[in-house]
Amino acid sequence: MSDDAEPIEYSGASGGWGSVRGIVQTMARERASPGALETLRTQNKPGGFMCTSCAWGKPKHPHAFEFCENGAKATLWELTTHRCTPDFFANHSASELRGWNDHDLEHEGRLTEPMRYDAASDHYVPCGWDEAFSAIGAELRAIDPKAAVFYASGRASLETSYLYALFARLYGHNNLPDSSNMCHETTSFTLKQLIGSPVGTCILDDFEQCDAIFFFGQNAGTNSPRFLHPLQEAVKRGCKVVTFNPIREKGLIAFTNPQNPTEMLTGKDTQISCQYLQVRAGGDIAAIMGLCKYVLAQDEARGGSIIDRAFIDAHCTGFDEFRARADATSWERIEQEAGLSRADIEEAGRVYVAAERVIGVYGMGLTQHVHGFENIAMLVNLLLMRGHIGRAGAGICPVRGHSNVQGQRTVGISEKPELVPLDKLAEQFGFDPPRDHGMTTVKVCEGLLEGKVQAFIGLGGNFLRAIPDQGRIEPAWERMRLTVQIATKLNRSHLFNGKTAYLLPCLGRSEEDMQASGAQTVTIEDSFSHIHGSIGHRKPASEHLKSELAIVAGIAKATLTPNPKVRWDDWTGDYALVRDLIADTYHEEFHDMNARMFEPGGFYRGNGARERIWRTESGKAQFTAPDMLAATNVADALGRYRLVTVRSNDQFNTTIYGYSDRLRGIEGKRDVILINPADIERSGLVAGQRVALVGDAGDGHARRIDRLEIVPYDLPDGTIVGYYPELNPLIALSHHDQHSKTPASKAVPVRIEATG
Ligand SMILES: Nc1nc2c(c(=O)[nH]1)N[C@H]1C(S)=C(S)[C@@H](COP(=O)(O)OP(=O)(O)OC[C@H]3O[C@@H](n4cnc5c(=O)[nH]c(N)nc54)[C@H](O)[C@@H]3O)O[C@H]1N2
Ligand SMILES: Nc1nc2c(c(=O)[nH]1)N[C@H]1C(S)=C(S)[C@@H](COP(=O)(O)OP(=O)(O)OC[C@H]3O[C@@H](n4cnc5c(=O)[nH]c(N)nc54)[C@H](O)[C@@H]3O)O[C@H]1N2
Ligand SMILES: [Mo]
């Protein structure tokens with residue numbers, strides 16, 4: 001690219017033919033097994049299986065094809081005909097495979113047999129399931145349970161998750177971090193504290209009634225494309241969408257519905273956002289403070305008719321202090337921190353004031369910051385001012401990532417014992433559950449560095465690649481005594497091993513799960529607290545695979561002393577028995593779970609805040625007066641940039657399907673830094689130049705990634721963008737939300753080093 005190149009602009013809308021092409025390419029690349037398209041047709045519908053991609057809701061009246069480009073890719077990636085067999089491991093050592101990239105490792109295909117890592121030869125070798133279970137059980141029995149960590153990526157079903165958490169507590173710890181600890185933990189913490197519910201208050205129907213949607217740092221087009229349908233419908237009936245995002249993300253600008261033949265043939269798209277505000281990374285506390293200032297001023301000018309006094313008096317605390325903070329904050333500071341003009345913020349404020357029902361949507365752009373708590377707290381402030389929580393057509397809507405990440409927390413995978421009904425579990429299973437706080441993801445990493453963690457079990461996921469500061473943590477990993485990974489495909493986390501290490505292959509959700517009582521159903525919870533049954537119909541990728549539930553039960557049985565109330569074999573034989581246990585532990589939410597799990601649209605497990613029952617310390621909804629306006633604690637300085645790490649539509653987290661970020665117009669590469677042309681010029685760089693990014697956390701640890709290509713892109717000054725997970729080694733472990741300890745993968749302080 002020449003140095004005077006224009007910033008990249010992708011001209012097409014999101015969705016449309018591009019997304020269809022994306023699906024077809026994935027089918028070809030993966031040589032998807034016969035019948036894969038038929039499987040896609042039943043995706044996210046009763047009687048079919050629930051997509052393993054994102055957690056977006058499954059409507060009561062599904063479309064003919066209730067899946068999106070990414071859901072299709074996730075399914076086809078699982079239904080690949082490629083196999084990663086014992087022969088592959090005989091040919092490649094773990095050390096050699098560390099040199100492979102994320103795409104190539106997973107591209108080898110589905111794991112087919114349980115494998116043990118043989119340190120002497122540095123190769124994985126096949127082993128039997130019984131051998132694996134008894135060796136793992138023996139190791140776990142030999143260590144202090146408090147030194148063991150049971151991680152979960154957010155895919156495993158409610159049934160498996162419930163048993164996994166039960167296993168941890170019977171064994172003796174609450175060290176149950178899940179991917180949520182790197183994702184929406186800020187949500188779980190903040191919303192619990194402020195409105196008494198750790199999850200969002202909206203349901204899908206609310207999108208049919210709202211008058212305005214405010215979007216903060218959530219990229220629907222890439223990360224939850226099925227959201228674009230209700231969004232498009234909302235816009236068509238006059239709902240206004242206002243977006244705050246440093247990147248002009250296509251799905252939030254325009255959308256062509258791939259399910260609508262007329263739109264597809266005519267290329268007619270729907271404009272989504274009426275206003276698109278390119279806030280600087282970490283600028284949302286300031287931007288929302290500006291919105292609130294405008295609302296307060298309007299209220300004063302219009303005789304107190306704007307703010308919902310009756311609601312605030314009856315339902316909220318902290319309003320006066322919050323208002324005083326807003327009054328004391330100058331527009332000048334707001335403009336500087338947000339990187340937006342007062343006029344633009346006030347225009348957005350007019351949309352807010354004119355709307356009777358407002359939904360606040362957010363994603364990683366708010367949660368993954370050092371002051372992520374305050375980001376979300378400010379959005380809560382904004383919504384509470386006009387009573388937009390606990391009312392149809394309004395509410396707060398964090399868009400969750402993994403397909404069952406919210407549900408895993410609901411049924412006990414939590415390091416926070418206060419969120420789990422421990423007394424009930426004690427009564428059900430006749431034991432004394434541990435009451436101390438377990439480790440979050442960040443605590444696990446700190447524990448690894450201190451040599452305090454001795455065993456790690458990964459129920460899915462790619463922990464070592466998803467965390468910050470890999471350069472420091474990978475070497476510490478091998479000091480562990482035991483590592484066990486339960487997975488469908490090979491990834492980098494499987495190549496760093498404890499003294500005893502196993503790689504255990506499991507069924508995917510689209511595959512038939514045959515047990516003693518017949519084919520099994522599993523359940524998941526979507527972003528809107530609706531529970532859905534899911535049945536896999538595909539033939540398993542290998543005859544040696546076990547279900548995740550069977551693997552968890554197998555390890556548990558080999559570890560724990562027998563207890564007549566704990567029936568691992570029966571539960572493995574019939575998952576309906578596990579649903580009975582869940583219904584017993586969480587009666588209010590999950591009663592009659594077996595009977596209700598196939599209700600169209602899922603069954604709703606309820607949410608107090610939606611009914612204006614605030615299960616907070618004060619019994620009220622809480623306004624917050626933040627002490628800072630920037631969501632980062634690293635001061636601006638000459639040459640220091642705020643790096644945002646993002647995902648493309650050709651990846652699902654650390655799973656890289658391919659190298660096409662179609663919606664951002666970046667093709668064939670991921671080793672890039674997006675930066676605006678003025679910043680390129682100011683720093684004496686040229687487009688296309690290769691540079692190094694250097695961590696600038698100021699904690700004495702060197703962090704560096706070489707050979708990244710400078711790509712001009714429309715971004716706010718000082719905000720640069722690159723891809724997760726490749727850039728994770730640049731993020732300091734200490735750079736996390738102060739309350740929830742969610743790693744701050746946005747606004748990472750870095751410098752650019754020209755390397756010639
Ligand atoms: N295709 C695909 N789908 C996915 C995933 C995937 O990797 N690929 N991952 C899944 C998972 S686990 C999750 S959690 C979700 C994540 O989905 P999102 O929550 O959408 O997460 P990100 O893509 O990390 O970033 C979201 C947006 O935040 C913006 N942003 C960054 N910093 C700021 C800021 O300071 N302020 C504001 N206002 N915006 C900011 C970015 O520009 C980006 O558009 O997606 C899920 N769905
Ligand atoms: N810099 C930066 N870091 C981030 C983020 C970011 O935005 N920026 N986002 C964070 C977020 S939101 C999240 S959720 C985490 C994600 O962290 P994880 O959930 O740990 O990672 P994934 O990439 O989703 O895990 C992929 C692996 O899961 C396994 N897998 C796939 N399907 C199944 C299955 O059905 N069962 C089992 N047992 N295994 C399966 C495969 O082996 C695959 O390689 O990363 C976090 N890290
Ligand atoms: Mo996530």
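Remember, it's 1-based here, ligands and their atoms both numbered in the order they're listed. In this chain, numbering begins with 1 at the start of the sequence shown.
The shortest heavy-atom distance from Ser224 to ligand 1 is not under 4.0 Å. For the ligand labelled ligand 2, residue Arg509 lies outside the 4.0 Å heavy-atom shell. Thr222 counts as a contact of ligand 1, since one of its heavy atoms falls under 4.0 Å from the ligand. Ligand 2 lies less than 4.0 angstrom from a heavy atom belonging to Cys506. Contact between Lys746 and ligand 2 is present, with at least one heavy atom of the residue lying under 4.0 Å from the ligand. Residue contact check for ligand 1: Cys183 places a non-hydrogen atom closer than 4.0 Å to it. Taking 4.0 Å as the cut-off, His369 counts as a neighbour of ligand 1 on heavy-atom distance. Residue contacts with ligand 1 include Ser648, since one of its heavy atoms falls under 4.0 Å from the ligand.
Heavy-atom contacts of His402 reach the following atoms of ligand 1: 12 (S) (cutoff under 4.0 Å). Less than 4.0 angstrom separates some heavy atom of Ile247 from each of these atoms of ligand 1: 42 (O). Near Tyr151, meaning under 4.0 Å from any of its heavy atoms, are these atoms of ligand 2: 17 (O), 18 (P), 19 (O), 20 (O).
Considering backbone and side-chain N/O of Phe244, one or more are found under 3.5 Å from N/O of ligand 1. The N/O atoms of Met364, backbone and side chain alike, include one that comes under 3.5 Å of an N/O atom in ligand 1. Here's the thing with Gln368: none of its N/O atoms is less than 3.5 angstrom from an N/O atom of ligand 1.
Residue Val646 does not touch ligand 2, judged by heavy-atom distances below 4.0 Å. Neither the backbone nor the side chain of Val721 comes within 4.0 Å of ligand 1, counting heavy atoms alone. Counting heavy atoms closer than 4.0 Å to ligand 2, residue Arg465 contributes nothing at all. Looking at Asn491 against ligand 2, only its side chain comes within 4.0 Å, counting heavy atoms. With a heavy-atom cut-off of 4.0 Å, Asn728 touches ligand 2 through its side chain alone. Within the 4.0 Å heavy-atom criterion, both parts of Met182, backbone and side chain, lie near ligand 2.
The closest protein non-hydrogen atom to atom 45 (O) of ligand 2 is Tyr724 OH, 2.7 Å. For atom 44 (O) of ligand 1, the nearest non-hydrogen atom of the protein is Glu249 OE2, 2.6 Å. Given atom 5 (C) of ligand 1, the protein heavy atom at minimum distance is Arg647 NE, 3.5 Å. In this structure, the protein non-hydrogen atom closest to atom 42 (O) of ligand 1 is Asn245 OD1, 2.7 Å. Nearest protein neighbour of atom 38 (N) of ligand 2, counting heavy atoms only, is Glu548 OE2, 2.6 Å. From the protein, the heavy atom lying nearest to atom 10 (C) of ligand 1 is Phe652 CZ, 3.6 Å. Atom 17 (O) of ligand 1 has its closest protein heavy atom at Asn223 ND2, 3.0 Å. Of all protein heavy atoms, the one closest to atom 7 (O) of ligand 1 is Asn653 N, 2.6 Å. Closest to atom 31 (C) of ligand 1 among all protein heavy atoms lies Val644 CG1, 3.5 Å. The shortest contact between atom 37 (C) of ligand 1 and any protein heavy atom is with Asp284 OD2, 3.4 Å. Of the protein's non-hydrogen atoms, Asn462 N, 3.5 Å is the one closest to atom 21 (O) of ligand 2.
For the atom pair OH (Tyr162) and OG1 (Thr410), the distance works out to 13.5 Å, reported to the nearest 0.5 Å. To the nearest 0.5 Å, atoms NE2 (His369) and CD1 (Ile285) are separated by 8.5 Å. If you take CD on Gln408 and OG on Ser179, they are separated by 6.5 Å, rounding to the nearest 0.5 Å. Distance check: Leu643 CG to Leu674 CG gives 10.0 Å after rounding to the nearest 0.5 Å.
Which of Pro468, Ser179, Ala466 comes nearest to atom 14 (S) of ligand 2 through a heavy atom is settled by distance: it is Ser179.
For the salt bridge (Lys or Arg N to Asp or Glu O under 4.0 Å) test, residues two or more places apart in sequence or in another chain that qualify with Glu185 are Arg409, Lys416.
With hydrogens and angles left out, the side-chain atoms of Arg492 and Thr654 include no donor and acceptor closer than 3.5 Å.
In this structure, Arg647 is not positioned above the aromatic face of Tyr724 in the sense of NZ or CZ being under 6.0 Å from the six-membered ring centre and within 45° of the axis.
Under the side-chain contact (heavy atoms from CB on, under 4.5 Å) rule, Asn676 has a single partner from Ile720, Val721, Leu715, which is Leu715.
The six-membered or imidazole ring of Phe215 lies near that of Phe227, with a centre-to-centre distance under 6.0 Å. Taking the six-membered ring for Trp, His103 and Tyr659 have ring centres closer than 6.0 Å.
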